[in-house]
Amino acid sequence: MRIMMLTQFYPPIIGGGAIHVRSLSTELAARGHEVAVVTLWHTGLAAFEMDAGVKVYRVRSSTRRLPWLFRDSGRQYAPPFPDPEVTLALRQIIRDGRPQIVHAHNWLVYSYLPLKLWSGAKLVVTLHNYDLVCVKTTLLLNDSICNGPGLSKCLRCGIQYYGPGKGVPTVLADRVMGQVRRCLVDMFLPVSQAVALGNGLAAQRLPFQVISNFIPDDIGVARSDTTSYAAQLPNEPYLLFVGAFNRQKGVDVLLKAYAGLSDAPPLVLIGYETSDWPVLSKDCPGNVFVFKDWPRQAVIEALRRCFIAILPSVGPESCPTVVMEAMSVGSPVIASRIGGLAELVTHDETGLLVEPGDAPALQQAIRRLLADPGVRKGMGEAALRNVDRFQASTVVPRIEHVYKGLLQKAAAPATGN
């Protein structure tokens with residue numbers, strides 16, 4: 001089968017979506033498929049390379065010539081409309097590779113939509129967040145859960161988030177192109193029930209199957225190439241947060257909860273900076289270690305050594321891979337009872353769930369697990385028993401089945417009366 005992945009980020013660019021696409025692409029290539037990835041070019045990276053049997057094309061975009069569009073100049077985002085240079089590059093790559101399946105993972109799909117009918121490929125879109133209904137992708141309105149899109153509401157929110165010059169065209173373009181996407185996508189794959197519900201897939205009668213993110217089967221195996229990173233970790237056991245350093249991930253809630261703990265072990269934060277971090281970092285209490293842009297295997301090693309993994313998100317997380325990674329090494333998890341997190345963590349079995357934004361409740365949950373090594377051990381063992389449902393050998397065949405079903409349906413002869 002010839003498969004083309006579309007993603008705005010791909011390693012070495014850091015992020016859960018980038019890791020997912022690489023893992024899926026290399027797994028599919030290992031299973032005998034011909035896989036190509038088209039992603040946005042970032043400074044210093046090769047325009048083409050082979051990555052574990054996967055062809056990786058990095059294409060330049062028209063919007064990258066306008067650096068003021070991006071808050072983080074190191075990360076080039078796809079716009080909510082066809083980018084002329086990306087569409088032209090895609091046309092050439094499709095002509096050469098003739099993919100049967102195009103599998104998109106974010107707004108880069110919009111640059112493909114003008115080519116969809118011409119290409120003849122079936123279009124699959126994994127929804128990693130709420131970008132079908134929310135231009136911020138977070139489903140948050142003024143730090144609260146949004147109850148659904150509306151033009152005037154989305155315009156106000158978009159202007160507040162992006163600024164008037166960027167917010168208005170972003171909202172309007174997304175509303176128009178979103179309708180086109182709904183018409184042309186052959187199958188949506190939301191990564192959790194929360195994402196399916198938040199994007200209104202059933203209500204709009206769109207074709208979808210819920211298929212979670214996944215981790216490699218051998219991800220829990222210790223690697224020797226993480227030694228230099230592991231040496232930077234505290235010598236004593238510690239608490240661990242992994243994710244973007246922003247308010248949506250609840251970093252401020254965690255720092256507040258941690259500051260109120262007495263005789264607590266060190267707190268380690270691993271992730272990447274956002275525009276929130278300069279403000280949040282001012283509130284860092286003592287004994288907090290901050291590490292930025294670590295590779296995935298180093299993060300796994302940090303999870304292996306921690307007391308507890310903590311994900312205190314205040315936004316409706318979709319299906320954070322870090323929970324699965326923590327489970328794969330037997331680490332108990334404390335997470336917010338919100339979005340897809342509540343589908344991954346079984347309360348009082350593989351970890352604890354607390355209400356989002358509730359620093360005292362988070363502090364109490366941390367105290368409970370720190371005080372009882374037996375409970376921590378039992379939760380870690382339960383996590384190991386349940387992790388197989390998130391492994392590649394379980395999830396990737398389900399994605400293959402979706403591909404095959406779409407191609408078989410396309411090949412089936414039409415029947416008339």
Side-chain angles (χ1 to χ4, degrees), residues 3-30 35-61 63-64 67 69-78 83 85-86 89-90 93 103-108 111 126 128-129 137 213-216 218-219 221 223-233 241-246 249 268-275 277 290-303 320-322 324-325 328 392:
I3 303 161
M4 175 182 286
M5 297 286 172
L6 301 179
T7 177
Q8 59 189 357
F9 303 133
Y10 190 83
I13 304 301
I14 300 295
I19 291 172
H20 174 86
V21 175
R22 185 183 188 276
S23 296
L24 177 57
S25 299
T26 54
E27 287 284 346
L28 289 168
V35 184
V37 172
V38 180
T39 186
L40 295 180
W41 179 82
H42 286 73
T43 302
L45 299 181
F48 174 81
E49 67 178 339
M50 294 297 299
D51 179 22
V54 176
K55 298 177 181 178
V56 180
Y57 297 89
R58 295 187 175 91
V59 300
R60 296 177 184 265
S61 65
T63 51
R64 71 174 292 274
L69 281 174
F70 306 107
R71 294 184 177 185
D72 181 351
S73 59
R75 299 170 73 85
Q76 302 296 322
Y77 294 84
D83 183 293
E85 287 185 66
V86 174
L90 279 172
I93 295 169
H103 190 159
H105 295 266
N106 39 54
W107 279 356
L108 198 62
S111 293
T126 289
H128 295 275
N129 49 41
T137 76
N213 291 333
F214 66 90
I215 54 176
D218 63 349
I219 197 171
V221 178
R223 306 292 174 90
S224 59
D225 57 355
T226 61
T227 304
S228 61
Y229 292 95
Q232 302 174 53
L233 295 166
F241 165 90
V242 176
F245 300 155
N246 61 23
K249 295 291 186 180
V268 173
L269 310 180
I270 301 179
Y272 61 90
E273 281 197 37
T274 70
S275 58
W277 183 239
V290 180
F291 303 112
K292 302 172 185 177
D293 302 331
W294 276 25
R296 189 181 192 189
Q297 286 302 325
V299 172
I300 302 300
E301 185 60 28
L303 285 165
T321 306
V322 66
M324 305 174 193
E325 293 170 338
S328 74

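Using a 4.5 Å heavy-atom threshold, the side chains of W41 and E85 count as separate.
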Given side chain to side chain contact (heavy atoms under 4.5 Å, CB included), test E325 with V242 step by step and report yes or no.
CA-CA 11 Å; E325 293 170 338; V242 176; 5.7 Å; no

Using the side chain to side chain contact (heavy atoms under 4.5 Å, CB included) rule, take V59 and L90 through it: C-alpha gap first, then chi angles, then the decisive distance, then the call.
CA-CA 8 Å; V59 300; L90 279 172; 6.0 Å; no

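We find the CZ-NZ distance between F48 and K55 to be 6.0 Å, quoted to the nearest 0.5 Å. In this structure, E273 CD and N246 CG are separated by 11.5 Å, a value rounded to the nearest 0.5 Å. Atom-to-atom distance recorded for I93:CD1 and M4:CE is 5.5 Å, nearest 0.5 angstrom.
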Exercise answer: donor-acceptor pairs, residues 8-20 side-chain atoms, under 3.5 Å, sequence neighbours excluded:
{"residue": "Q8", "atom": "OE1", "partner": "A78", "partner atom": "N", "Å": "2.9"}
{"residue": "Y10", "atom": "OH", "partner": "D51", "partner atom": "OD2", "Å": "2.8"}
{"residue": "H20", "atom": "ND1", "partner": "N213", "partner atom": "OD1", "Å": "3.4"}

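Every side chain to side chain contact (heavy atoms under 4.5 Å, CB included) that T126 has, sequence neighbours left out, goes to H103, H105, H128, L189, V191. Qualifying side-chain hydrogen bond (donor to acceptor under 3.5 Å, both in side chains) partners for E49, counting only residues two or more places apart in sequence or in other chains: R58. Scanning for side chain to side chain contact (heavy atoms under 4.5 Å, CB included) contacts around Q232 gives Y229, F291, W294, with sequence neighbours left out. With sequence neighbours excluded, no residue forms a salt bridge (charged side-chain N to carboxylate O under 4.0 Å, His left out) with E27. Scanning for side-chain hydrogen bond (donor to acceptor under 3.5 Å, both in side chains) contacts around T274 gives an empty result, with sequence neighbours left out. Every residue was checked against the side chain to side chain contact (heavy atoms under 4.5 Å, CB included) condition with A30, not counting sequence neighbours, and none meets it. Taking the side-chain hydrogen bond (donor to acceptor under 3.5 Å, both in side chains) definition, one finds that D83 meets it with S62, T63, sequence neighbours left out.
Here the shortest heavy-atom pairing between A392 and P216 reads CB-CA, 4.3 Å. When all heavy atoms are compared, the tightest approach of L40 to Q76 is CD1-O, 3.2 Å. Nearest approach of A298 to T226, heavy atoms of both residues: N-CG2, 3.7 Å. Looking at every heavy atom in both residues, L108 comes nearest to V38 through CD2-O, 3.5 Å. Taking both residues in full, the closest heavy atoms of N129 and T137 are given as CB-O, 3.5 Å, listed atom of the first, atom of the second, then distance. The nearest pair of heavy atoms linking I219 to I300 is O-CG2, 3.5 Å.
In this structure a side-chain-to-backbone donor-acceptor pair under 3.5 Å is missing from S25 to R22.
S23 and R296 are linked by a side-chain donor-acceptor pair at a separation below 3.5 angstrom, with hydrogens and angles left out of the test.
The salt bridge (charged side-chain N to carboxylate O under 4.0 Å, His left out) pairs that include a residue from residues 8-17 number zero, where partners must be two or more places apart or lie in different chains.
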